[in-house]
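Numbering starts at 1 and runs along the sequence shown. Fair warning: this is a prediction, and the values are worked out from it, not measured in the lab. All ligand and atom numbering here is 1-based and tracks the order in the structure.
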Amino acid sequence: MVTRYAHSPKDIEHYSTEDLRNEFLMEKIFNPGDILLTYTYNDRMIFGGVTPTTEPLEIKLDKQLGVDYFLQRRELGFINIGGSGSVTIDGQKDDIVAHDGYYIGKGTKSVQFASDDPEKPAKFYVVSTPAHKTYPNKKLPFANALKKPIGDQEHLNKRVIYKYIDASQMDTCQLQMGYTVLEPGSSWNTMPAHTHARRMETYLYCEFGTPDTRVVHFLGEPTASKHIFLEPDQAVVNPSWSIHCGVGTTSYSFIWAMCGENQTYDDMDQVPMHELR
Ligand SMILES: O=C(O)C(=O)C[C@H](O)C(=O)CO
Ligand SMILES: [Zn+2]
């Protein structure tokens, strides 16, 4: 697990492209047979990829978190964007096909991830946040996600937001998580751009139309925006003071996850267009 520190907006004012990438971009999320995680000091979210092949994989973090086991004081969400697989939670096995998700509550002792076919491994994108209370584990099949079509072709932003872990539907301490699928010809052109000082957010950009597709993620204070070029299956961390949107050279999807002060998805501070710089 690598660590990424929190920054003030002032810190990044003079960052070079390389500095910005080192601090905010996770270049590798899925590595077959491996677990790659990032611990950000922004609200202490842990996020990354679990990609089992021939053997099941389990996240073991005790010393690093100062606890007896990983989820002693945390909750966990995941969405699978790879082949079919399974998760075994405290001995109970559940099949997980592509785009299925899961909420796993505080106090769960063992979570084992497995792939059905090592040649087509499951790719579990996992996000964990500090938790104060145990809420029930819940499988979140893609078909049950709260579907919110949004945007239109005229604004080049037609997409569907699938909410998986959403406080209006289920109990969760802090974590909110979902998946947004862009229509071909549309981008995450979510204007006016917004911030939410109450919550930080991370994004995994995935399912690019071609291997050469690139997504440009915009971040920074509204009056001092910056950008990062992303390859498929890369992630960015977005501080709560930062705008966030992305434009792709072909179609793409992204998984978003938030945590912090509140769980009110629509609590966003829209930035008037003339203020964006
Ligand atoms: O498609 C979208 O718009 C989103 O997915 C929005 C993000 O979830 C977000 O920024 C929520 O604050
Ligand atoms: Zn947001």
Undergrad: Is there a salt bridge (charged side-chain N to carboxylate O under 4.0 Å, His left out) between Asp68 and Arg73? Walk through the geometry before answering.
TA: CA-CA 10 Å; Asp68 298 330; Arg73 296 179 51 76; over 6 Å; no
Undergrad: Determine the sole option in Asn80, Leu76, Ile89 for which the side chain to side chain contact (heavy atoms under 4.5 Å, CB included) test with Tyr102 is passed.
TA: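 Among Asn80, Leu76, Ile89, the one that satisfies the side chain to side chain contact (heavy atoms under 4.5 Å, CB included) with Tyr102 is Ile89.
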Undergrad: Can you sort out which atoms of ligand 1 are near Phe254, meaning under 4.0 Å from one of its heavy atoms?
TA: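 Counting atoms of ligand 1 from 1, those under 4.0 Å from Phe254 are 1 (O), 4 (C), 5 (O).
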Undergrad: If you stand at the Zn ion (ligand 2) and look out to OE1 of Glu201 and NE2 of His194, what angle do those two lines make, to 10°?
TA: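 Roughly 170°, rounded to 10°.
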Undergrad: Taking His99 as the fixed residue, which of Tyr179, Tyr125, Phe78 is the one that meets the ring pair (Phe, Tyr, Trp, His ring centres under 6.0 Å) rule?
TA: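 Result for ring pair (Phe, Tyr, Trp, His ring centres under 6.0 Å) with His99: Tyr179.
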Undergrad: Looking at atom 2 (C) of ligand 1, what's its closest protein heavy atom, distance included?
TA: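 Its nearest protein heavy-atom neighbour is Trp188 NE1, 3.1 Å.
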Undergrad: Can the ring centres of His217 and Phe229 be said to be less than 6.0 Å apart?
TA: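 Ring-ring flag for His217/Phe229: false, centres at least 6.0 Å apart.
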Undergrad: Give the residue and atom name of whichever protein heavy atom lies nearest to atom 9 (C) of ligand 1, and the separation in Å to one decimal.
TA: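 Minimum-distance protein heavy atom for atom 9 (C) of ligand 1 reads Glu201 OE2, 3.1 Å.
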Undergrad: Tell me the protein heavy atom at minimum distance from atom 12 (O) of ligand 1, and give that distance in Å.
TA: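 For atom 12 (O) of ligand 1, the nearest protein heavy atom comes out as His196 NE2, 2.9 Å.
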Undergrad: Going by the order shown, which atoms of ligand 1 are within less than 4.0 Å of some heavy atom of Ile161?
TA: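 Close to Ile161: 1 (O), 2 (C), 3 (O), 4 (C).
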Undergrad: Give the numbers and elements of all ligand 1 atoms closer than 4.0 Å to a heavy atom of Met268.
TA: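 Those atoms are 11 (C), 12 (O).
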Undergrad: Establish, yes or no, whether a centroid distance under 6.0 Å links the rings of Tyr162 and Phe142.
TA: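 Centroid separation for Tyr162 and Phe142: below 6.0 Å.
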Undergrad: Would you tell me whether Thr210 and Asp212 have side-chain atoms, one donor and one acceptor, within less than 3.5 Å of each other?
TA: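 No, Asp212 and Thr210 have no side-chain donor paired with an acceptor closer than 3.5 Å.
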Undergrad: Are any of the N or O atoms of Thr190 closer than 3.5 Å to those of ligand 1?
TA: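 Checking ligand 1 against Thr190, no N or O pair falls under 3.5 Å apart.
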Undergrad: Is the number of heavy atoms from other residues, nucleotides or ligands within 6.0 Å of CD (Glu261) greater than 12?
TA: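 At most 12 heavy atoms, drawn from other residues, nucleotides or ligands, come within 6.0 Å of this atom.
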Undergrad: Identify the closest protein heavy atom to atom 5 (O) of ligand 1: which residue and atom is it, and at what distance?
TA: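 Among all protein heavy atoms, the one nearest atom 5 (O) of ligand 1 is Thr180 OG1, 2.7 Å.
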Undergrad: Considering only heavy atoms of His244, which atoms of ligand 1 have at least one such atom less than 4.0 Å away?
TA: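 Those qualifying, in numeric order: 10 (O).
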Undergrad: At what distance is the nearest protein heavy atom to atom 8 (O) of ligand 1, and which residue and atom is it?
TA: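 Of the protein heavy atoms, Tyr265 OH, 3.1 Å lies nearest.
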Undergrad: Which protein non-hydrogen atom lies closest to atom 1 (O) of ligand 1, naming both residue and atom, and how far is it?
TA: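 For atom 1 (O) of ligand 1, the nearest protein heavy atom is Arg159 NE, 2.7 Å.
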Undergrad: Is the gap between the ring centers of Phe218 and Trp188 under 6.0 Å?
TA: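 Not close enough - the centres of the two rings lie 6.0 Å or further apart.
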